[in-house]
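Everything on this sheet refers to the single structure shown next.
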Amino acid sequence: MGQQPVPDHFKVVPEPISIEEVVSKVIHPHAGAINTFIGTVREITKGRKTLYLEYEAYVSMAEKQLFKIGQEIAERWPEARVAISHRIGRLEISDIAVVIAVSTPHRADAYEASRYAIERIKEIVPIWKKEFWEDGEAWIGDQLERVAYPSGKPEGLTDD
C-alpha cells in the first residue's frame with residue numbers, strides 16, 4: 001500500500017517559501033530520489049518586460065486542489081511522497097512562486113510525478129496573477145491563460 005498524502009503538506013502562503021521546509025516533508029528512508037521543482041518569476045514574458053507579479057487565490061479551495069493533486073500522484077506513483085507550496089501576494093523578479101517536492105524510490109518516477117504536479121496546478125488550482133509591465137498591467141486569468149479575469153478574479157467568486 002502506498003503513502004497517503006498529508007493535507008498539511010499542501011499550502012498557499014503569503015510569505016516566502018522555504019525550499020528546505022518543503023523538501024523536508026518528503027524525505028524518508030526508502031527514497032532514492034527527491035525531485036524539487038522551483039517555479040520563479042521571470043522578467044520577460046512574450047516579449048514584454050515584467051516588473052513584478054501579484055498572485056491571488058481562493059485559498060481554501062486552492063489548498064484542497066493541491067491536496068487532490070497529491071492524491072492523484074499517490075494513485076499513479078504509490079511510493080511517492082509529495083509536498084507543494086504556492087505563494088500569493090506581490091512577487092519580484094526571481095522570487096519563488098511555487099515549490100514542488102516529490103520523493104520516490106527511483107528518479108524517473110520523481111521526475112514524472114513532479115511534472116505531473118505542475119501541469120495539474122495550472123489546470124485545476126484557483127490561483128491567478130496580475131502582471132505589471134513597464135507599459136501597463138493586466139490580470140492574466142487562469143494559469144493556462146485560457147480564461148481572462150478582467151475583474152481580478154473568476155466571475156462569481158466570493159471567497160478571499
Side-chain angles (χ1 to χ4, degrees), residues 1-46 50 53-131 140-147 149 153-154 157 159-160:
M1 176 149 183
Q3 175 68 36
Q4 293 301 308
V6 178
D8 190 44
H9 291 183
F10 304 90
K11 294 290 186 186
V12 174
V13 297
E15 65 274 354
I17 299 169
S18 164
I19 297 165
E20 294 80 9
E21 184 178 320
V22 178
V23 170
S24 73
K25 294 175 181 177
V26 302
I27 292 173
H28 69 99
H30 299 148
I34 297 175
N35 184 286
T36 305
F37 173 82
I38 303 166
T40 58
V41 176
R42 69 176 163 259
E43 185 176 46
I44 305 296
T45 301
K46 298 179 182 174
T50 299
L53 299 177
E54 285 183 9
Y55 280 101
E56 291 195 9
Y58 179 2
V59 174
S60 61
M61 180 58 74
E63 289 180 340
K64 287 178 185 171
Q65 293 298 84
L66 292 174
F67 179 68
K68 179 181 178 183
I69 293 168
Q71 292 174 312
E72 291 172 357
I73 288 172
E75 290 173 12
R76 289 174 173 239
W77 296 275
E79 297 178 277
R81 294 184 185 208
V82 183
I84 304 171
S85 289
H86 200 297
R87 190 168 169 201
I88 55 173
R90 179 177 167 147
L91 280 74
E92 306 296 330
I93 303 304
S94 299
D95 279 353
I96 295 171
V98 62
V99 175
I100 300 167
V102 179
S103 67
T104 60
H106 304 287
R107 68 180 177 275
D109 289 342
Y111 281 122
E112 291 172 22
S114 181
R115 174 70 186 261
Y116 179 84
I118 190 63
E119 299 303 333
R120 289 294 286 157
I121 287 171
K122 291 185 173 289
E123 289 174 358
I124 68 168
V125 179
I127 296 173
W128 53 96
K129 68 182 175 184
K130 186 174 189 177
E131 291 219 26
I140 300 304
D142 74 320
Q143 293 200 52
L144 291 175
E145 300 183 21
R146 290 183 186 153
V147 179
Y149 301 157
K153 60 185 177 182
L157 185 63
D159 190 10
D160 57 348

Review point. In chain order, what residues pass the side-chain contact (heavy atoms from CB on, under 4.5 Å) check against Gln65, with sequence neighbours excluded?
Key: Met61, Lys68, Ile124, Val125, Pro126
Exercise for review: Kindly write out the residues that satisfy side chain to side chain donor-acceptor pair (under 3.5 Å) with Glu63, not counting sequence neighbours, or none if the list is empty.
Suggested key: none
**Study point:** His9 side, atom NE2; Arg81 side, atom CZ - distance, nearest 0.5 Å
**Key:** 9.0 Å
Point to revise | salt bridge (charged side-chain N to carboxylate O under 4.0 Å, His left out) contacts in which one or both residues fall within residues 88-101, not counting sequence neighbours | key: Arg87-Asp95, Arg90-Glu92
Practice item. Report the distance from atom CD1 of Ile118 to atom NE2 of His86, rounding to the nearest 0.5 Å. Key: 6.5 Å
Exercise for review: For Lys11, enumerate each residue passing the salt bridge (Lys or Arg N to Asp or Glu O under 4.0 Å) test, keeping only those at least two apart in sequence or located in another chain.
Suggested key: Asp8
Review point. Are Arg115 and Glu119 close enough for a salt bridge, meaning some N to O gap below 4.0 Å?
Key: yes
Exercise for review: Using distance alone, with no hydrogens and no angle criterion, decide if Glu131 and Thr50 have a side-chain donor and acceptor under 3.5 Å apart.
Suggested key: yes
**Study point:** Check: Glu54 and Lys129 side chains under 4.5 Å, non-hydrogen atoms
**Key:** no
Practice item. Could you name each residue pair satisfying ring-ring contact (aromatic ring centres under 6.0 Å, His included) that touches residues 62-82, not counting sequence neighbours? Key: Phe10-Phe67, Trp77-Tyr116
Please output the side-chain donor-acceptor pairs of residues 29-44 that fall under 3.5 Å, not counting sequence neighbours, one pair per line with the distance.
residue, atom, partner, partner atom, Å
Asn35, OD1, Ser114, OG, 3.1
Arg42, NE, Thr45, OG1, 3.0

Practice item. Can you measure from CD1 (Ile121) to CD1 (Ile69) and round to the nearest 0.5 angstrom? Key: 5.0 Å
Check your understanding: For His106, does the NE2 atom have more than 12 heavy-atom neighbours from other residues, nucleotides or ligands under 6.0 Å away?
Key -> no
